[in-house]
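Scroll down for the structure; my scribbles are underneath it.
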Amino acid sequence: MDTYNSDFEKDIYRFWEENDLFKPEVNKDGKPFSMVIPPPNVTGALHIGHALNQTLQDIFARYKRMCGYSVLWLPGTDHAGIATQTMVERDLAKKGIKKEEIGRDAFIEKVWEWKNTYGNRIIDQIKRLGASCDFSRLRFTMDEGLSRAVRKAFVELYNAGYIYKGEYIINWCPSCHTALSDLEVEYEEENSKLYYLKYFLENSDVFLVVATTRPETLFGDTAVAVNPKDERYKHLVGKKVVLPLVNKLIEIIEDEYVDMSFGSGVVKITPAHDVNDFEVGKRHNLDIIIAIDDYGKMTHNAPGLEGVDRFEARKITIEKLKEANLIYKIEDYVHSVGHCYRCGTVIEPYISKQWFVKTKDLAKKAIEVVENGSIKFIPKHWEKTYFEWMYNIKDWCISRQIWWGHRIPAYTCKQCGEVFVSENPIDKCPKCSGKLIPETDVLDTWFSSALWPFSTLGWPDNTEDLKKFYPTSLLLTGFDIIFFWVARMIMMGMFFMNDVPFKDVYIHALVRDKFGQKMSKTKGNVIDPLDVIEKYGADSLRFTLAILAAQGRDIKLSYDQIESYRRFMNKIWNAYRFIEMNTKDFQPAVNTNAYSSASLWIKSRLSKAIEQVRQSLDDYKFNEAADSIYQFVWHEFCDYYIEMSKAHIGKDEFSDEVKGTLLEVFEQLLRLLHPFVPFISEFLWQKLPNKSAKSIMIAKYPHSQEFATQIEEEFECLIELIKAMRILRSENTIAATKKLSFYFRPINEFAKNIIEKYQKYVLLLANAKEISIIKTDVPKSFIQPTKYGDIFLEAGQNIDVEGEILRLKKVIEKAQVSIDFLNKRLRNQEFISKAPKQLIEKSKKELQEAILIKENAKKRIEQLQSVL
RNA sequence: GGGCGCAUAGCUCAGCUGGAAGAGCACCUGCCUUACAAGCAGGGGGUCGUAGGUUCAAGUCCUGCUGCGCCCA
């Protein structure tokens with residue numbers, strides 16, 4: 001093994017799978033910890049957002065598993081009604097087949113074929129990331145069990161009065177040819193025109209100016225409206241105007257809804273094609289005239305335009321209005337237009353019979369459980385977003401006019417017209433024995449997703465899994481689906497299980513490109529996680545995502561960052577190589593009582609790192625956890641302990657002890673690392689002589705220990721002195737390879753003891769020939785003052801006196817800043833009386849140290865100047 | 001229009017309950033020192049968006065303002 005290469009990842013994953021390590025049964029007796037995966041679309045391909053989501057969940061799954069929990073992380077996919085149907089339709093279209101030609105059943109069969117062929121793609125991709133989901137429990141929203149759960153849920157909600165069918169104006173996508181819920185409409189600001197049309201008063205050549213962005217809808221106008229407070233039009237209310245082009249009379253009504261400042265203050269009312277107008281229409285009992293059909297084409301109500309597309313119809317209408325001199329003026333106008341979230345088509349408000357979930361009461365409980373802390377959002381501020389939506393929740397349109405999905409389990413009697421719902425198919429009317437016609441609409445995919453936390457565990461059966469793992473412990477997802485999914489799961493969980501679906505909800509950020517732009521295929525700025533895995537390995541990607549996952553901020557990701565954390569993988573790899581090289585023929589001693597100081601120190605530092613990582617993970621601070629490990633591994637274990645170990649190995653009585661400690665600490669830090677970088681940690685762990693289990697996955701997560709603070713104080717001094725020596729070398733541009741002689745003038749016994757006690761480490765890490773303790777100055781030398789005393793380096797003949805003076809002046813300057821700051825603080829009577837004692841003492845000590853450094857540097861400058 | 005978030009080193013960002021500003025990348029200097037040049041050692045660089053307030057002490061708490069982003073209507 002020479003250099004790091006992530007090729008082993010696939011083998012490692014296979015090893016885990018073959019040993020069945022992803023099942024909760026590996027810790028049968030542990031306390032349950034459960035998560036359900038936010039089910040990706042079965043048509044989907046893994047994108048970087050999934051990668052982040054999966055990585056963070058896997059970190060938790062592995063962490064909790066190693067802590068002894070019986071971890072169930074349940075995977076699955078959702079059937080993504082519209083998306084999947086569209087995709088298969090497109091496939092068929094290539095072969096020249098329309099779905100209507102083959103019929104509903106045959107089409108659905110085609111979709112299943114497609115699903116069975118390609119539906120596991122995203123699951124396989126998730127595996128590449130190292131996800132430790134229990135794939136034996138893999139679920140799909142359309143599978144048998146979940147479909148049963150959906151039917152049961154529908155029937156129960158219906159019977160409890162929470163589902164109703166009615167004719168309402170809904171968001172309609174003329175392209176997908178289905179109703180959409182409010183959430184599935186995306187609004188975009190668009191540059192458009194505002195048309196001011198002339199509506200003449202009946203039998204008059206006086207006209208009202210009516211402003212509209214959609215002149216083509218005038219064919220559906222059944223009134224014009226003014227605000228009751230609007231003095232300009234008060235006298236006209238109740239009179240009639242002539243509808244342009246149609247030449248029909250419609251009434252002038254008054255309604256609060258009208259904004260007096262919009263246009264001329266007179267608006268046309270088109271109940272069939274505008275949500276607000278629909279409400280106005282209801283209040284005033286207006287006729288409803290449908291001018292645009294379900295394919296977005298004009299109806300017979302638009303004379304001469306029947307069958308013309310709505311946008312084409314707009315142009316023609318304008319031309320006609322112009323010809324008839326019915327346009328008062330046209331202005332540029334910016335307004336927001338709703339689009340279908342799936343296909344981008346402009347939404348057409350449309351009146352039709354749809355099924356709705358009555359949400360107000362369901363929301364009440366869902367609000368309560370967040371208010372009372374039964375469910376916690378992390379970061380907490382997302383609770384506000386949640387409440388905001390929940391307080392203003394609208395009924396949820398759940399029917400979709402497509403074929404792929406859960407068919408609504410409702411039946412209408414052909415004879416008596418009665419509607420029945422039933423979990424199991426029925427064909428005879430229970431009332432009149434007439435023939436029952438099954439509902440053709442299917443349910444919104446999110447309806448089945450809302451049941452996910454319990455339907456996947458076996459509900460409606462009271463299975464062992466359901467008993468053990470519901471409520472789930474943690475839901476980890478993106479903020480974009482708080483309304484779509486999180487809120488609805490809470491409502492459904494409360495209704496069906498009478499308990500929350502999860503206790504903690506961690507909301508993670510969006511992954512953007514390095515310019516902060518949303519990644520999208522059209523922009524061409526996507527970072528494909530599978531690409532990254534190919535190039536850098538899943539571990540590098542995971543570690544990068546984890547260390548960037550600070551709460552409440554989006555992640556700007558670039559290849560540079562991934563590259564830099566790949567270097568970290570390489571560093572770990574090489575640390576292992578060093579250890580392996582040096583412990584080849586070494587058998588760990590059973591009981592080592594005598595430890596070298598370096599070993600005591602690194603174990604103390606490791607303990608601190610463990611503590612920090614555990615604490616950070618418990619607080620969902622992935623970035624802090626990852627950073628703590630990074631700092632420890634690189635800048636303590638590698639930079640210092642491994643270097644210091646070279647002073648012992650093969651050189652003194654601690655040789656074996658140090659080898660043992662290298663293995664011991666490295667073994668622990670692999671376990672510490674495992675949740676973040678599962679592959680390399682497992683791969684290297686398998687090679688260790690001191691591994692404790694079949695797999696690192698089921699080894700225990702390390703615990704911290706208490707160590708005397710003394711060892712850390714000693715090493716703090718030691719490291720500062722080593723650094724001082726390195727500064728002298730570097731500032732005087734002396735090659736790292738040249739062995740030097742240093743002198744140390746300690747300020748006290750403690751400092752003197754450190755240099756003596758740890759001479760071995762000093763010599764090695766500063767690459768020194770010798771280090772002598774002295775009491776006086778060393779003339780003709782470079783000096784580096786520290787708070788523990790001065791370090792000298794003999795300058796030989798060619799000392800650059802001026803350069804050295806300049807350098808020392810900087811030292812003085814720095815010390816002076818400290819002195820001024822601390823003096824100011826300590827002379828402040830209020831500080832002395834109010835600040836904590838510890839801080840006062842610390843400040844006094846620091847002041848003394850700064851003064852000492854300054855004085856010594858000053859003296860040296862004077863000396864040097866006398867030489868000049 | 002309502003709500004939320006962000007503004008800290010050239011870039012990307014940490015900074016918990018307030019006690020002298022940190023990391024990674026980039027940059028400069030010197031090194032192929034026998035784990036690692038995907039590396040080692042050292043260095044420069046910030047009046048923490050702005051104006052006030054609370055406090056002995058404010059990047060950190062409060063208020064106004066400016067700029068950017070997101071969500072909802």
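Worth saying up front: this structure is predicted, and the values here are computed from it rather than measured. Chain letters run A, B, ... following the sequence lines, proteins first, then strands; residues in each count from 1.
The C1' atoms of B:rA9 and B:rG1 are separated by 39 Å, rounded to the nearest whole Å. Of the C1' atoms belonging to B:rU60 and B:rA7, the separation is 15 Å, rounded to the nearest Å. Distance check on atom C1': B:rG39 versus B:rU33 gives 11 Å, rounded to whole Å.
Scanning for side-chain hydrogen bond (donor to acceptor under 3.5 Å, both in side chains) contacts around A:Asp639 gives A:His635, with sequence neighbours left out. Contacts of A:Phe742 classified as ring pair (Phe, Tyr, Trp, His ring centres under 6.0 Å), with partners at least two apart in sequence or in another chain: none. For A:Glu348, the salt bridge (Lys or Arg N to Asp or Glu O under 4.0 Å) partners at least two apart in sequence or on another chain are A:Arg214, A:Arg310. For A:Glu611, there are no salt bridge (Lys or Arg N to Asp or Glu O under 4.0 Å) partners two or more places apart in sequence or in a different chain. With sequence neighbours excluded, no residue satisfies ring pair (Phe, Tyr, Trp, His ring centres under 6.0 Å) with A:Phe578. With sequence neighbours left out, A:Asn823 forms a side-chain hydrogen bond (donor to acceptor under 3.5 Å, both in side chains) with no residue at all. For A:Lys394, there are no side-chain hydrogen bond (donor to acceptor under 3.5 Å, both in side chains) partners, not counting sequence neighbours. Residues forming a side-chain hydrogen bond (donor to acceptor under 3.5 Å, both in side chains) with A:Asp790 (at least two apart in sequence, or on another chain): A:Arg745, A:Asn856. Residues passing the ring pair (Phe, Tyr, Trp, His ring centres under 6.0 Å) test with A:Phe622, sequence neighbours excluded: A:Phe60, A:Tyr506.
A:Gln561 comes within contact range of the sugar-phosphate backbone alone, with a heavy-atom separation under 4.0 Å but no base atom that close. In this structure, A:Ser833 reaches neither bases nor backbone, as no heavy-atom distance under 4.0 Å exists between it and the strands shown. At a threshold of 4.0 angstrom between heavy atoms, the contacts of A:Leu822 include nucleobase atoms, whether or not backbone atoms are also involved.
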B/S/- along nucleotides 31-44 of chain B (protein heavy atoms under 4.0 Å) is S-B-BB-BSSBSS-
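Atom CG of A:Leu510 and atom P of B:rC70 are 10 Å apart (whole Å). Here B:rU29 presents its C1' atom at 16 Å from CG of A:Leu728, a figure rounded to the nearest Å.
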Per-residue pairing states of RNA chain B in dot-bracket (Watson-Crick or G-U under 3.5 Å; . unpaired, | other strand) read (((((((..((((.....[..)))).(((((.......))))).....(((((..]....)))))))))))).
Pairs: protein N or O with nucleotides 71-73 of chain B N or O, under 3.5 Å:
none

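Between A:Lys384 and B:rC4, a side-chain N or O to OP1/OP2 separation shorter than 4.0 Å is present. Within the structure, a side-chain polar atom (N or O) of A:Lys556 is placed less than 4.0 Å from OP1 or OP2 of B:rC13. Close to B:rA20, at under 4.0 Å from its OP1 or OP2, lies a side-chain N or O of A:Arg825.
With B:rG30, B:rG19, B:rC4 as the choices, the nucleotide that has an atom nearest any side-chain atom of A:Phe831 turns out to be B:rG19.
We find that A:Glu580 and A:Arg577 are not joined by a salt bridge, their nearest charged nitrogen and carboxylate oxygen being 4.0 Å or further apart.
Cation-pi geometry between A:Lys687 and A:Phe683 is met: the NZ or CZ atom falls under 6.0 Å from the ring centre, inside 45° of the normal.
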